[in-house]
There are 2 protein chains.
Amino acid sequence: MIEPLEQLRSTLQDHGQSLTRPRKKVFTTLQAKGPLTMAELIQASGTSLDRASVYRTIKLYEQLGIVQRLQIGWKYRVELSNSFQHHHHHMYCTQCGNVIAMPEDTVLEERLQALAANISFSAQDHQIEIRGICANCSRT
Amino acid sequence: MIEPLEQLRSTLQDHGQSLTRPRKKVFTTLQAKGPLTMAELIQASGTSLDRASVYRTIKLYEQLGIVQRLQIGWKYRVELSNSFQHHHHHMYCTQCGNVIAMPEDTVLEERLQALAANISFSAQDHQIEIRGICANCSRT
DNA sequence: AATTATTTGCAAATATGTCGCAATTTGTGC
DNA sequence: GCACAAATTGCGACATATTTGCAAATAATT
Ligand SMILES: [Mn+2]
Ligand SMILES: [Mn+2]
Ligand SMILES: [Zn+2]
Ligand SMILES: [Zn+2]
C-alpha cells in the first residue's frame, strides 16, 4: 500500500495541481477526524487556514474524487473517499448524534449494482444513511 | 384512497395546524414537480409566497412527516414523504442532473433492516442515493 | 536561486436560513 | 355571511454559510 500523502500528491499531480500546505492540512485533518461538517473542518484546520481556502480545497477534492459529501442528519459532512478508506456507509443516531460506520456488505452492494443495471444506469458511486437510535441510547 | 389534499388537511388538523393558502401552494408544487431544492421551491411557488413562509412551511412539514429531505448531488432537496408516495430511492445523473426514482426493492430494504438489527441499532428511516450517468446521457 | 504559474489570504459580495412583529388570514360559532 | 380569537403571513432586519476578485505569497521547474 502507498503512503496516503503520496497518493494524494500523485492524484493532484495527475490533474496538474500541486500539493500545498493548506491542502495537506485539510487532508490530514480529515484523515484524523473522520466525517466533519465544513464548520468543524474549518475550525479544526486552525487559524492558519482561511475559510475560503478550505472551501476551495474541498471543492477541488470532491472533483478529483478525494473526498465525498455525506448527508448526515441535518447538515452535510465531508470525509475521505473510497480511494483512501474502505467503502462503507453510516448509521446516524438522531438521539446522541453518533455516526456509526457500517462494514461493507456484499449482498447490499450487489443489489444496488443490479438495480442500476436494470435501467441501464451507469452507477459510479452511492451513499446510504440509516437513521435511528443507537444501541447505547435505546438502553434508556 | 383519500384525496392528497384532504390527507394534508387532516394531518395538519391533528396537530392543531391549519391548511392555509401558502401551505397548500407548497404542497401542490411538490406534488407536481417532485424533489426540489429550497431555491427551486421558493422560485416555483411564485412571487405570492415569501421565502420565510416557504422555509417555515417546510420545517413544519418535516416535523409532521409530510416531506423529507434528501441529499442529491450538492444540495439537499425536499419531496413528499412516504405517506404521500411510495417509499423509494433515487439515482442522480451527474451529467444532466436528472433524478430518477427507483421502485422499492424488498431485498434491499430487508438487507438494510438486517444490518441495523445486527448491531442493535433501532432503524427508523434510511436514504439511498446512486450517482452515475443515466441511460440517456451515456448514449452519448 | 531565479522564473513563472498556481494558490493563498483577505475583504467584499452572494446565497441561504432565521426572527420579531404588525397586518392578514383562518377556523369557529352565531 | 359576519364577528371574534387564534394562528399565520409578509416584511425587513439579522445571522450564517459559501463564493469571488485580486494583490501577495508559495510551489514546481530550471
Ligand atoms: Mn465514514
Ligand atoms: Mn423521489
Ligand atoms: Zn445514540
Ligand atoms: Zn443524465
Side-chain angles (χ1 to χ4, degrees), chain A residues 5-30 35-64 66-78, chain B residues 5-30 35-64 66-79 97:
Chain A
L5 267 178
E6 266 324 300
Q7 189 184 343
L8 173 63
R9 161 169 275 122
S10 75
T11 304
L12 286 169
Q13 227 157 38
D14 291 351
H15 295 267
Q17 304 282 351
S18 38
L19 178 53
T20 65
R21 188 189 60 94
R23 287 174 183 170
K24 210 176 297 186
K25 181 73 184 213
V26 166
F27 183 85
T28 55
T29 300
L30 284 176
L36 299 176
T37 63
M38 287 306 287
E40 288 167 344
L41 181 56
I42 289 163
Q43 157 79 166
S45 300
T47 52
S48 49
L49 292 202
D50 189 73
R51 231 179 24 255
S53 306
V54 177
Y55 276 108
R56 281 187 284 230
T57 298
I58 289 302
K59 181 182 244 170
L60 173 67
Y61 279 6
E62 205 184 20
Q63 285 163 353
L64 303 191
I66 294 169
V67 302
Q68 62 185 116
R69 291 190 178 211
L70 328 163
Q71 173 79 10
I72 296 189
W74 200 254
K75 311 191 160 191
Y76 71 83
R77 301 189 192 199
V78 186
Chain B
L5 268 179
E6 266 323 299
Q7 190 184 341
L8 173 64
R9 163 171 274 122
S10 75
T11 304
L12 286 169
Q13 228 158 37
D14 291 352
H15 295 266
Q17 305 283 351
S18 38
L19 179 52
T20 64
R21 189 188 62 91
R23 287 174 184 172
K24 210 177 296 185
K25 181 74 183 214
V26 166
F27 184 84
T28 56
T29 301
L30 284 176
L36 299 176
T37 62
M38 287 306 287
E40 288 167 344
L41 181 58
I42 289 162
Q43 157 80 164
S45 301
T47 51
S48 51
L49 292 201
D50 190 73
R51 210 152 37 95
S53 304
V54 176
Y55 276 109
R56 280 188 284 229
T57 298
I58 290 301
K59 182 181 247 172
L60 173 67
Y61 279 7
E62 207 183 19
Q63 284 163 353
L64 302 192
I66 292 168
V67 302
Q68 62 185 117
R69 292 189 179 211
L70 330 163
Q71 170 78 12
I72 295 187
W74 197 255
K75 311 190 162 192
Y76 73 82
R77 301 189 190 201
V78 185
E79 76 171 352

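Since the model is a prediction, treat every value here as computed from it, not as a measurement. A note on names: the letters A, B, ... follow the listed sequences, proteins ahead of strands, and every chain is numbered from 1. Any value given below was found using the heavy atoms of this structure, including those in side chains, with hydrogens, waters and symmetry copies removed.
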Between Ala39(B) and Arg9(B), name the one whose nearest nucleotide on DNA chain C is closer to the 5' end.
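That would be Ala39(B).
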Tell me the closest heavy-atom pair linking Ser45(A) and Leu49(A), and the distance in Å.
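Here Ser45(A) and Leu49(A) meet closest at CB-CD1, 3.8 Å.
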Is the shortest side-chain N to carboxylate O distance from Arg9(A) to Glu6(A) below 4.0 Å?
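The answer is yes: the pair qualifies as a salt bridge.
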Whole angstrom is fine here: how far is it from [atom1] in [X] over to [atom2] in [N]?
X	N	atom1	atom2	value
Arg69(B)	dT16(C)	CZ	P	13 Å
Tyr55(B)	dA17(D)	OH	P	13 Å
Glu62(B)	dT18(C)	CD	P	11 Å

What is the per-nucleotide protein-contact pattern of nucleotides 9-16 of chain D, from the 5' end, where B denotes a base atom under 4.0 Å from a protein heavy atom, S denotes such proximity for sugar-phosphate atoms only, and - denotes neither?
SBB-----
For the helix from dA1(C)-dT30(D) to dC30(C)-dG1(D), what is the angle between the axes at its two ends, each from 5 pairs, rounded to 10°?
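Terminal axis comparison yields 50°.
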From OH (Tyr61(A)) to CZ (Arg23(A)), nearest 0.5 Å:
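That separation rounds to 7.0 Å.
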Interatomic distance, Ile42(A) atom CD1 to Thr47(A) atom OG1 [nearest 0.5 angstrom]
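Ile42(A) CD1 to Thr47(A) OG1: 13.0 Å, rounded to 0.5 Å.
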Below 4.0 Å: OP1/OP2 of dT6(C) and any side-chain N or O of Gln17(A)
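So the side-chain polar atoms of Gln17(A) never come under 4.0 Å of the phosphate oxygens OP1 or OP2 of dT6(C).
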Taking the side chain of Tyr76(A) as its heavy atoms from C-beta onward, which of dA28(D), dT18(D), dT19(D) lies nearest to it?
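The listed nucleotide nearest to Tyr76(A)'s side chain is dT18(D).
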